[in-house]
Amino acid sequence: VQLQASGGGLVQTGGSLTLSCSASGRTFNSYPMGWFRQAPGKEREFVAVTTWSGGTEYVADSVKGRFTISRDNAKNTLYLQMNSLKPEDTGVYYCAKYVIGIVGTWRGYDYWGQGTLVTVSS
């Protein structure tokens, strides 16, 4: 599986962005998929994960009510709709394919996109 994240950019506080993650390979719709982010100087942080069918499985408390994860298996694409953005949401956002273990930790994912940068200005 190859993953390609896109949609990042510069946005003001309170603004919105939608990230996309395009996947190649026939097994995309067989696995849960997640989003992580990493701010400068910080560890990679879990954001959200969705089941293979698109049902939301878990969303981090820091983004709950503001971010929505979804997927379109027909298009092999994962999305992250981000609303009411805050400066602390700034970072590189990665999509990843879940394989095993705790969904909220990066160790449970085996394939990663290259990341897309989101910058929220205050």
Side-chain angles (χ1 to χ4, degrees):
V1 176
Q2 291 186 326
L3 304 175
Q4 179 80 29
S6 62
L10 175 64
V11 63
Q12 292 185 335
T13 296
S16 298
L17 280 176
T18 299
L19 305 183
S20 299
C21 175
S22 298
S24 63
R26 294 176 294 176
T27 61
F28 172 77
N29 61 359
S30 300
Y31 297 93
M33 296 288 296
W35 288 97
F36 286 75
R37 67 186 181 186
Q38 189 165 19
K42 295 187 177 182
E43 293 187 354
R44 194 164 297 189
E45 174 190 28
F46 169 78
V47 175
V49 65
T50 181
T51 58
W52 69 270
S53 62
T56 303
E57 185 165 315
Y58 185 64
V59 178
D61 289 342
S62 58
V63 305
K64 195 169 293 184
R66 300 187 297 122
F67 290 13
T68 302
I69 186 172
S70 63
R71 67 193 295 168
D72 186 336
N73 287 338
K75 296 182 179 180
N76 277 10
T77 304
L78 176 74
Y79 302 99
L80 185 69
Q81 173 67 45
M82 305 186 295
N83 299 324
S84 302
L85 283 161
K86 306 175 182 179
E88 51 264 43
D89 295 319
T90 294
V92 178
Y93 282 70
Y94 300 90
C95 56
K97 169 183 159 292
Y98 171 81
V99 59
I100 193 171
I102 302 173
V103 296
T105 64
W106 62 267
R107 295 175 181 83
Y109 297 75
D110 59 351
Y111 288 94
W112 293 81
Q114 86 290 358
T116 184
L117 177 63
V118 173
T119 304
V120 184
S121 63
S122 58

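In this chain, numbering begins with 1 at the start of the sequence shown.
The main-chain N or O of Ser53 is never found under 3.5 Å from a side-chain atom of Asn29 such that the two would form a donor-acceptor pair.
Interatomic distance, Tyr31 OH to Ile100 CD1, rounded to the nearest 0.5 Å: 11.0 Å.
Checked against the 6.0 Å centroid criterion, the rings of Phe36 and Tyr94 do not qualify as a close aromatic pair.
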Stepwise side chain to side chain contact (heavy atoms under 4.5 Å, CB included) test for Leu85 and Thr13: CA-CA 5 Å; Leu85 283 161; Thr13 296; over 6 Å; no
Walk me through it: do Val118 and Arg37 pass the test side chain to side chain contact (heavy atoms under 4.5 Å, CB included)? CA-CA 9 Å; Val118 173; Arg37 67 186 181 186; over 6 Å; no
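Side-chain contact check for Glu45 versus Val47: every heavy-atom pair is 4.5 Å or farther apart. Side-chain contact between Trp35 and Phe46: absent, with no pair of heavy atoms (C-beta onward) separated by less than 4.5 Å. Side-chain contact between Gln114 and Gln4: present, with at least one pair of heavy atoms (C-beta onward) separated by less than 4.5 Å.
Contact record, Ser122 with Pro87: CB-CG, 3.8 Å, taken as the closest heavy-atom pair. Across all their heavy atoms, Ile69 and Met33 have their closest contact at CD1-O, 3.7 Å. Residues Val49 and Pro32 come closest through the heavy atom pair CG2-CB, 4.2 Å. Leu78 approaches Ser70 most closely through the heavy-atom pair CD1-O, 3.3 Å.
In this structure, Tyr79 has no ring-ring contact (aromatic ring centres under 6.0 Å, His included) partners at least two apart in sequence or on a different chain.
Side chain to side chain, Thr18 and Gln81 meet the donor-acceptor criterion of an N or O pair below 3.5 Å. A donor-acceptor pair shorter than 3.5 Å cannot be found between the side chains of Thr77 and Asp72.
With respect to Lys86 and Asp89, no salt bridge is recorded, no charged nitrogen being found less than 4.0 Å from a carboxylate O.
Each disulfide bond (SG atoms under 2.5 Å apart) pair with one or both residues in residues 80-122, not counting sequence neighbours, appears once here: Cys21-Cys95. Within the structure, side-chain hydrogen bond (donor to acceptor under 3.5 Å, both in side chains) pairs that include any residue of residues 95-112 comprise Lys97-Asp110 (at least two apart or interchain).
By the 6.0 Å contact criterion, CG on Leu10 is enclosed, its count of non-hydrogen atoms from other residues, nucleotides or ligands being greater than 12.
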